[in-house]
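So the structure is just underneath, and the comments pick up after that.
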There are 2 protein chains.
Amino acid sequence: MINVDDKIQELKERCAKANMRLTPQRIEVLKMIAGVNTHPDAETVYAEVKKVMPSISLDTVYRTLTSLEDLGLVFKVDNELAKTRYDADLTPHCHFICVKCGAVHDVHINDYIKAPDESYDYGEVLQTNLQVKGICNKCRG
Amino acid sequence: MINVDDKIQELKERCAKANMRLTPQRIEVLKMIAGVNTHPDAETVYAEVKKVMPSISLDTVYRTLTSLEDLGLVFKVDNELAKTRYDADLTPHCHFICVKCGAVHDVHINDYIKAPDESYDYGEVLQTNLQVKGICNKCRG
DNA sequence: TTATTATTAGTAATAATTACTAATAAGGAA
DNA sequence: TTCCTTATTAGTAATTATTACTAATAATAA
């Protein structure tokens, strides 16, 4: 599990560097995502943060998630489900995604490569795929 | 590139087995996806199929894509973009996704593992991630 | 403390996808 | 082939995740 305090410290530094304000909304949203391993969607983040900050709006959560992504503190977990899921753990790792309930679990790549069948206990594997993301040559000009 | 005729043949067999009707809409939609390597979204499939079948509706395209997926003839390419992209090539392979324009290119896994930097010429890599999809233990009961 | 302006709350708008209904046509039976 | 049954379709309305807009608020620097 990642260290939430370290994460908030990083938020402070990156906001300062990017000339962005360190708002309690940003702190709470990041704290929430970094504190769980469930890879929550925007609505879930909203519901959780609302408990400690009842005035926060859904719009702010969406905007904040985008800001945190721009700052390189969280990223979107690719999935074919309806809702976008977020992860604050930036160390290289993979995900097991249940296509039925949408649960997202971390998978440790080295263990998985060594013994895909025994390395974890998440469920029945239907498909494994590798995504490489970047900027294509056309877009680089 | 996959053989479109073989793909249509498979559609016939699977429809028969699944008690689903072999409609011209299903044939045209599958033909379109199988005939390109651009991993089109629903709207693009709609626009293309409309050229040869002007009466087709967008709703039918969406339903047909789901049917073809259920039949195991196409699958959704995971991406964090707004629109879902489809692929009819079921042989194990990976994708390079441009986070700027949304272009999706095929990447051949063995080449990529051997020499990630030289194996292809799609663009600048920002992130590589592996997704494992399946049914989690909870959902299996 | 004050001023500047990025950020927020609240709400409206957008866009992808799904649901609904009457009409149509695929495919089996006669 | 022709007729029937009912899955499927076209057209449109509804839904749902996400984004945009605006006036009010509050984080930072002077």
Side-chain angles (χ1 to χ4, degrees), chain A residues 8 11-30 32 39-47 49-71 73-86 99 102, chain B residues 8 11-30 32 39-47 49-71 73-86 99 102:
Chain A
I8 301 302
L11 172 65
K12 281 183 192 170
E13 293 164 8
R14 301 207 183 183
C15 276
K17 190 175 281 181
N19 248 52
M20 285 170 63
R21 292 179 183 170
L22 183 70
T23 65
Q25 287 86 350
R26 285 178 178 156
I27 293 172
E28 288 306 323
V29 167
L30 180 56
M32 194 267 140
H39 314 80
D41 56 41
E43 199 78 37
T44 304
V45 172
Y46 175 59
V49 173
K50 221 172 161 52
K51 290 180 184 169
V52 296
M53 185 182 275
S55 71
I56 199 167
S57 73
L58 181 58
D59 171 71
T60 297
V61 171
Y62 272 105
R63 259 184 302 98
T64 303
L65 289 170
T66 304
S67 303
L68 294 177
E69 199 188 3
D70 291 344
L71 291 172
L73 292 167
V74 304
F75 70 96
K76 295 178 182 174
V77 177
D78 285 350
N79 67 262
E80 62 183 54
L81 308 164
K83 301 175 186 182
T84 302
R85 307 286 288 259
Y86 285 88
V99 297
Chain B
I8 300 302
L11 173 65
K12 282 183 192 170
E13 292 164 9
R14 300 207 184 184
C15 276
K17 190 175 281 180
N19 248 52
M20 285 170 63
R21 293 179 184 171
L22 184 70
T23 64
Q25 288 85 352
R26 285 180 178 154
I27 293 172
E28 288 307 322
V29 166
L30 180 55
M32 193 268 140
H39 313 79
D41 56 42
E43 199 77 39
T44 304
V45 173
Y46 176 59
V49 174
K50 223 173 160 51
K51 291 179 185 169
V52 296
M53 185 182 274
S55 70
I56 198 167
S57 73
L58 181 57
D59 172 72
T60 297
V61 171
Y62 272 107
R63 259 183 304 98
T64 303
L65 289 170
T66 304
S67 303
L68 294 177
E69 200 188 3
D70 290 344
L71 290 173
L73 292 166
V74 304
F75 70 94
K76 295 178 182 174
V77 177
D78 285 350
N79 67 263
E80 62 182 52
L81 309 163
K83 301 175 186 181
T84 302
R85 308 286 288 260
Y86 285 86
V99 296

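Computed from heavy atoms alone, side chains included, the values below leave out hydrogens, waters and symmetry copies.
Side-chain contact annotation: A:Arg63 with A:Thr66, donor-acceptor N/O pair under 3.5 Å absent. Using modelled atom types and a 3.5 Å distance limit, the side chains of A:Ser67 and A:Asp70 yield no donor-acceptor pair.
Against DNA chain C, the stretch residues 53-63 of chain A makes heavy-atom approaches under 4.0 Å through A:Ser55, A:Ile56, A:Ser57, A:Asp59, A:Thr60, A:Arg63. Residues from residues 15-26 of chain B that place a heavy atom under 4.0 Å from any atom of DNA chain C, listed by number: B:Arg21, B:Leu22, B:Pro24.
With hydrogens and angles disregarded, a donor-acceptor distance shorter than 3.5 Å links the side chain of A:Arg85 to the backbone of A:His39. Remark: side-chain polar atoms of A:Asp78 are paired, donor with acceptor, to backbone N or O of B:Glu80 under 3.5 angstrom.
Applying the side chain to side chain contact (heavy atoms under 4.5 Å, CB included) rule to B:Ala18 yields the partners B:Met20, B:Leu71; only residues at least two apart in sequence or on another chain are considered. For the side chain to side chain contact (heavy atoms under 4.5 Å, CB included) test, residues two or more places apart in sequence or in another chain that qualify with B:Tyr46 are B:Glu43, B:Lys50, B:Ile56, B:Leu58, B:Val61.
Using a 4.0 Å heavy-atom distance criterion, A:Thr84 is classed as a sugar-phosphate-only contact.
In summary, contact between chain B and DNA chain C, defined as any nucleotide atom under 4.0 Å from a heavy atom of the protein, begins and ends at C:dA16 to C:dG27 in the 5' to 3' direction.
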Evaluate side chain to side chain contact (heavy atoms under 4.5 Å, CB included) for A:Val45 paired with A:Thr64, printing each intermediate quantity in order.
-> CA-CA 11 Å; A:Val45 172; A:Thr64 303; over 6 Å; no
Mind listing the side-chain donor-acceptor pairs of residues 21-28 of chain A below 3.5 Å, one per line with the distance, residues two or more places apart or on another chain?
unit_1	atom_1	unit_2	atom_2	d
A:Thr23	OG1	A:Arg26	N	3.2
A:Arg26	NH1	A:Arg21	O	2.7

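Each of B:Thr64 and A:Thr66 lies near DNA chain D, and the nucleotide nearest B:Thr64 is the one positioned closer to the 5' end.
Atom OG1 of A:Thr84 and atom CG of A:Leu65 lie 9.0 Å apart (nearest 0.5 Å).
Taking both residues in full, the closest heavy atoms of B:Tyr86 and B:Lys76 are given as OH-CE, 3.4 Å, listed atom of the first, atom of the second, then distance.
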